[in-house]
S.K.: 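Sharing a structure with you now.
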Amino acid sequence: MDGCLRVLTLNCWNVSEPYAGRMALIRAGITALQPDLIGLQEIVVRRDGFDQGAQILDGLGYHCVYGPAFRWADHGAILPHDLDGDAFGNLLAARWPIRRSAVRPLPGAETGERRSAVAACVEAPCGTIPFMTTHLNWKFHHGAVRERQAVVVADFMHEWAHGTDFPPILVGDLNAEPDSSEVRFLCGRTSLDGRSTYFQDAWCVAGDGGRGVTWDNRNPFAALAYEPDRRIDYILVGLADSVRNGRGWVESARLVLHEPADGVFPSDHFGILAEIRV
């Protein structure tokens with residue numbers, strides 16, 4: 001660990017083509033980066049044995065927890081996350097054992113999207129780390145939905161972090177820019193529904209320059225959507241512990257998995273890797 005915890009987040013763009021080439025790039029990137037904690041979004045697991053997360057991480061030494069956002073039946077009907085069916089959701093991976101985990105559905109199912117957050121307590125050498133990943137509604141006009149989702153995520157994260165040894169770490173694709181109400185709420189810059197919270201935005205604290213754009217039209221997979229460049233993927237960390245020499249302070253943050261190989265990018269999103277003081 002060398003004094004820092006290495007944390008990675010990436011939206012893996014589900015099973016979009018060229019699937020095999022992209023997954024090989026993601027797996028190779030993780031092998032090279034050697035993160036301690038990983039949050040992956042848009043991961044597909046099917047009843048026929050197909051497991052996207054396993055294809056990326058098997059054999060790399062990680063303990064994993066999968067959290068479906070929704071499932072679907074053979075005839076295509078969308079099901080809640082806790083019913084039997086093929087699944088789309090989020091995955092947490094940790095270099096150390098996971099003591100407990102849980103999945104929580106998020107508000108907004110009435111929009112036609114179903115989202116969830118998955119949380120784990122990781123038994124690391126530096127203590128018990130509360131770790132969570134999520135993926136909020138994507139549509140530009142769903143800001144009010146994302147606000148409700150952000151409040152639930154914050155409550156879930158703080159509930160999960162109670163009694164643990166390390167500031168909570170929340171990662172994921174929030175589908176919202178830093179000046180949005182939902183991100184400002186999570187970073188302590190506004191209140192929602194009479195509530196407030198605070199997480200460090202790793203990029204704001206220690207980003208290695210530029211805007212940290214993770215949805216970038218130089219990536220042809222992103223350009224297909226005709227959406228503006230923006231930063232929508234985050235690593236958020238609770239308040240650093242001043243009593244324990246700044247445990248939880250973000251030391252660095254940088255874009256990763258953001259370069260093509262033979263013209264192929266790993267995903268339509270770029271990843272972020274942060275180093276957090278232990």
Side-chain angles (χ1 to χ4, degrees), residues 1 5-12 14-15 23 26-27 30-31 33-47 49-71 79-106 114-136 149 152-174 233-238 271-274 276:
M1 192 180 298
L5 187 70
R6 295 167 64 83
V7 181
L8 170 70
T9 187
L10 177 70
N11 180 317
C12 292
N14 57 76
V15 295
M23 293 307 103
I26 293 173
R27 182 178 172 89
I30 289 172
T31 301
L33 293 167
Q34 291 292 297
D36 300 306
L37 301 176
I38 303 170
L40 302 178
Q41 304 86 47
E42 293 201 27
I43 295 294
V44 173
V45 176
R46 297 196 303 254
R47 288 168 292 168
F50 175 89
D51 187 329
Q52 185 178 4
Q55 290 182 10
I56 295 170
L57 294 171
D58 267 6
L60 300 185
Y62 289 98
H63 302 264
C64 300
V65 173
Y66 182 64
F70 65 86
R71 296 183 183 270
L79 305 171
H81 75 93
D82 54 354
L83 294 184
D84 186 42
D86 300 337
F88 171 101
N90 309 298
L91 182 146
L92 290 180
R95 193 167 298 286
W96 308 286
I98 293 171
R99 185 176 72 190
R100 58 190 178 99
S101 63
V103 181
R104 182 163 296 180
L106 300 183
R114 290 182 183 267
R115 303 293 182 177
S116 71
V118 55
C121 281
V122 178
E123 295 295 351
C126 62
T128 303
I129 302 172
F131 184 43
M132 182 180 296
T133 191
T134 193
H135 181 198
L136 306 188
Q149 292 172 337
V152 171
V153 165
D155 287 349
F156 187 27
M157 184 78 264
H158 290 299
E159 169 192 320
W160 203 250
H162 181 73
T164 57
D165 305 314
F166 201 89
I169 301 172
L170 168 64
V171 308
D173 174 6
L174 303 186
D233 300 86
Y234 296 83
I235 295 176
L236 305 177
V237 186
I272 302 174
L273 183 78
I276 301 168

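All residue numbers in this chain count up from 1 along the given sequence.
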S.K.: Would you name the heavy atoms of Gly172 and Thr133 that are closest together and state the gap between them?
M.R.: CA-OG1, 3.9 Å
S.K.: Report the C-alpha separation of Arg95 and Asp36 in whole Å, then their side-chain angles, then the decisive distance to 0.1 Å, and conclude whether the salt bridge (Lys or Arg N to Asp or Glu O under 4.0 Å) test is met.
M.R.: CA-CA 5 Å; Arg95 193 167 298 286; Asp36 300 306; 3.3 Å; yes
S.K.: Between Ile169 and Val7, is any pair of side-chain heavy atoms under 4.5 Å apart?
M.R.: yes
S.K.: Report yes if some heavy atom in the side chain of Leu92 is under 4.5 Å from a heavy atom in the side chain of Tyr66; otherwise report no.
M.R.: no
S.K.: List the atom of Arg71, the atom of Ala87, and the distance in Å for their closest heavy-atom pair.
M.R.: NH1-CB, 3.6 Å
S.K.: If you measure from CG on Leu10 to CD1 on Ile272, what distance do you get to the nearest 0.5 Å?
M.R.: 10.0 Å
S.K.: To the nearest 0.5 Å, how far apart are CG in Leu136 and CZ in Arg115?
M.R.: 8.0 Å
S.K.: Would you sort out whether Phe50 and Gln55 count as a side chain to side chain contact (heavy atoms under 4.5 Å, CB included), showing the intermediate values?
M.R.: CA-CA 9 Å; Phe50 175 89; Gln55 290 182 10; 3.3 Å; yes
S.K.: Any chance you could measure Leu40, atom CG, to Cys64, atom SG, to the nearest 0.5 Å?
M.R.: 8.5 Å
S.K.: Compare every heavy atom of Leu170 with every heavy atom of Met157, then report the nearest pair and how far apart it is.
M.R.: SD-CB, 4.1 Å
S.K.: Thr128 versus Val122: any side-chain heavy-atom pair under 4.5 Å?
M.R.: no
S.K.: What is the minimum heavy-atom distance between Ala102 and Phe156, and which atoms define it?
M.R.: O-CZ, 3.9 Å
S.K.: Out of the candidates Gln52, Glu42, Arg46, only one should pair with Phe88 under the side-chain contact (heavy atoms from CB on, under 4.5 Å) rule; please name it.
M.R.: Glu42
S.K.: Check for a donor-acceptor pair, side chain of Ser116 on one end and backbone N or O of Pro68 on the other, with a separation under 3.5 Å.
M.R.: yes
S.K.: Here's one to test your reading of the geometry: is the NZ or CZ of Arg104 within 45 degrees of the ring axis of Trp160 and under 6.0 Å from its centre?
M.R.: no
S.K.: Could you tell me if the side chain of Val44 sits less than 4.5 Å from the side chain of Asp86, heavy atoms only?
M.R.: no
S.K.: Would you indicate whether the side-chain heavy atoms of Ile38 and Leu91 approach each other to under 4.5 Å?
M.R.: no
S.K.: Evaluate the criterion side chain to side chain contact (heavy atoms under 4.5 Å, CB included) for residue pair Ile276 and Arg6; output intermediate values, then yes/no.
M.R.: CA-CA 6 Å; Ile276 301 168; Arg6 295 167 64 83; over 6 Å; no
S.K.: Is it true that Asn90 and Gln41 share a donor-acceptor pair across their side chains at a distance under 3.5 Å?
M.R.: no
S.K.: For side chain to side chain contact (heavy atoms under 4.5 Å, CB included), just list the numbers for Cys121 and Thr164, CA-CA rounded to whole Å, side-chain angles, deciding distance to a tenth of an Å, and then say yes or no.
M.R.: CA-CA 8 Å; Cys121 281; Thr164 57; 4.0 Å; yes
S.K.: Between Leu37 and Val171, is any pair of side-chain heavy atoms under 4.5 Å apart?
M.R.: no
S.K.: Within a strict 4.5 Å, meaning less than it, do heavy atoms of the Val153 and Leu174 side chains meet?
M.R.: no
S.K.: Measure the spacing between CG of Leu57 and CE of Met23 and express it to the nearest 0.5 Å.
M.R.: 11.0 Å
S.K.: Minimum heavy-atom separation for Pro35 to Tyr62, with atom names?
M.R.: O-OH, 2.6 Å
S.K.: Output the distance between atom NE2 (His135) and atom CG (Leu106), rounded to the nearest 0.5 Å.
M.R.: 11.0 Å
S.K.: What are the two closest non-hydrogen atoms of Phe131 and Ala93, and how far apart are they?
M.R.: CE2-O, 4.1 Å
S.K.: What is the distance from atom CG of Asp233 to atom CG of Asp173, rounded to the nearest 0.5 Å?
M.R.: 4.5 Å
S.K.: Run the numbers on Ile129 and Leu5 for side chain to side chain contact (heavy atoms under 4.5 Å, CB included), then give the verdict.
M.R.: CA-CA 10 Å; Ile129 302 172; Leu5 187 70; 3.7 Å; yes
S.K.: Side-chain contact test, heavy atoms from C-beta onward, threshold under 4.5 Å: evaluate it for Cys12 versus Ile26 and give yes or no.
M.R.: yes
